[in-house]
Protein chains: 2
Amino acid sequence: MPYDPSAFPPFAVTVDLVVLTVRRHALCALAVRRGEPPFQGRWALPGGFVRDDEDLAQAAARELAEETGLRVHDPAVPAQDHGAHLEQLATYGDPKRDPRMRVVSVAHLALAPDLPAPRAGGDASNARWAPVDELLQQGGHGRDGEPVAPLAFDHAQILSDGVERARSKIEYSSLATAFCPPEFTVGELRRVYEAVWGVALDPRNFHRKVTGTPGFLVPTGGTTTRQGGRPAQLFRAGGATLLNPPMLRPEV
Amino acid sequence: MPYDPSAFPPFAVTVDLVVLTVRRHALCALAVRRGEPPFQGRWALPGGFVRDDEDLAQAAARELAEETGLRVHDPAVPAQDHGAHLEQLATYGDPKRDPRMRVVSVAHLALAPDLPAPRAGGDASNARWAPVDELLQQGGHGRDGEPVAPLAFDHAQILSDGVERARSKIEYSSLATAFCPPEFTVGELRRVYEAVWGVALDPRNFHRKVTGTPGFLVPTGGTTTRQGGRPAQLFRAGGATLLNPPMLRPEV
DNA sequence: ATCATAGTCGTCTGCCTGACGATAAACACT
DNA sequence: AGTGTTTATCGTCAGGCAGACGACTATGAT
């Protein structure tokens, strides 16, 4: 039976990216300014159309590289350069989510270490890291006073879902290390958890927990004083991806 | 700026369903026989095209109702009839996953109580509940000897992802009750966990855990002996959706 | 009456966590 | 050099929870 193109409605398929990082003790997301209607001039999540010959993950990795220069960390390549974590988040397909046409967006979540200022097609003023609080808050604005919220389309919902995914996933996986540089201290890792969860953690219990979980952290032998105070041991992320028992997020 | 249809490649968008239930102490999934090429005669997950005016969740709920007659349980309607749990699972978009054309499939996961025999367009021989082990195993076949594996397209991967989602989600949520009838006993709930995880659980510790978790179970006052032995209390699912601390899955 | 089956209540022990005291090693002052 | 500040790291203790398992209860089957 030949294929009948009239048997189904055509869709546009895009990937949108929730790229998270921790800057200045705050969980931040990458936002780009829209250059064309709809929502011209408003901030949005980076993204774009999936190409004809591309897998969804490939498209997301391509967009991520275009926006940030980040390569995706491939677990199959252990000795690889430090790269970002990228995973599929969810798919959004409300018929009215884009006023122009029927668009289904496959959102992806990327976790990246603190990066230099972003570039978007070479134009820095059209891309920025903004604290997720500002992006999700009614009338949110950056430190420069520019309004950054509300985001275009349904991107506030997508960002919110991505943040919630990240918050819950660092509980039971070693993903928090994706926010850290290749070598980091226990204190730096703790400040990642504190920024993502928005809580304060006891440094002593945190230290006991992460150093006592087999495979989570591997000491590199070096030390650093870049945080001030007593020199701290440097670690790399160990091979373990699942934490058992998990890291417990404190109650409200 | 007008919309330019040549700016993006057109996709077909479908929803595929991983419908899980527990039958005869085994985790089973709904499978339908394909009536046309490609993969004609092979078993596949139920699914279909998303319509022009439909949200993804609506499309999934419609397909679920068409295949099983199940309504989706809406948390906003507390006094509602018993219904299935339905949630988005993941999206699959490999360019070659369907040889006919570019198809992106938004897979959904549904959990249902044990149901009467399925119907697929009224033809029972073209739909069946099959243990997920048989569906995922090389050369798997049903009790009638008919081969049910491998599934068509990338449906083995989708089913595998859905099963893994269900296995992990009943750890920290009350979702296991979605496999049970409206009223059930602690033992019936335990057998759900045992079937989904494929392990044996201590009845005494399980009883202590589920009855001691506030909001998980609400006693209805009734009892039943349908399992034989001493009469057991009947419970309904309580309002709690998140279990804290979680139910622990025994080690290998 | 006896047995088999399933449900329910307790006990004990070990592990993990949260709370928090104490010490160590750097830097910035005076 | 001494003092204070900051961060890191080790230790202690009590409470909670889970795994192992004994004991008892209430039904139906033989």
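Per chain, numbering begins at 1; letters A, B, ... match sequence-line order.
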If only side-chain N and O atoms count, and only distance matters, is there a donor-acceptor pair under 3.5 Å linking B:Q157 with B:H155? no

Report yes or no: do A:Y92 and A:D16 form a side-chain donor-acceptor pair below 3.5 Å? no

May I have the distance from B:R191 (atom CZ) to C:dA6 (atom P), rounded to whole angstrom? 7 Å

Roughly, in whole Å, what's the span from CG in B:L217 to P in C:dG7? 14 Å

Quickly work out the A:L201 CG to D:dT7 C1' distance and round it to whole Å. 16 Å

In whole angstrom, what separates B:R190's CZ from C:dT5's P? 14 Å

Considering only NZ, NE, NH1 and NH2 on the basic side and carboxylate oxygens on the acidic side, decide whether B:R128 and B:D144 come within less than 4.0 Å. yes

Validation row, ring centre B:F206 to ring centre B:Y193 under 6.0 Å: yes

Length of the line joining B:F206:CZ and C:dA6:P, which is rounded to integer Å: 16 Å

A:D114 side chain reached by A:F179 side chain, heavy atoms, under 4.5 Å: no

Is there a donor-acceptor contact under 3.5 Å linking the side chains of B:N244 and B:Y172? no

Answer yes or no: does a side-chain N or O of A:R226 lie under 4.0 Å from OP1 or OP2 of C:dA26? no

Have A:E146 and A:W43 got a donor and an acceptor in their side chains that come within less than 3.5 Å? yes

Using the 3.5 Å cut-off, write out each protein N or O paired with an N or O of nucleotides 15-18 of chain D and the distance between them.
unit_1, atom_1, unit_2, atom_2, d
D:dA18, OP1, B:K209, NZ, 2.8

Using the closest heavy atom to pick a nucleotide of DNA chain D for each, name whichever of A:P203 or B:D202 lands nearer the 5' end. A:P203

Going 5' to 3' through nucleotides 22-30 of chain D, assign each nucleotide B (protein heavy atom under 4.0 Å from a base atom), S (under 4.0 Å only from sugar-phosphate atoms) or - (no protein heavy atom that close). B--BBB---

Going by an N to O cut-off under 4.0 Å, is there a salt bridge joining A:E183 and A:R236? no

If you find the nucleotide of DNA chain D closest to A:H207 and the one closest to A:Q227, which residue's nucleotide is nearer the 5' end? A:Q227

Report yes if the side chains of B:M247 and B:S173 come closer than 4.5 Å at any heavy-atom pair, otherwise no. no

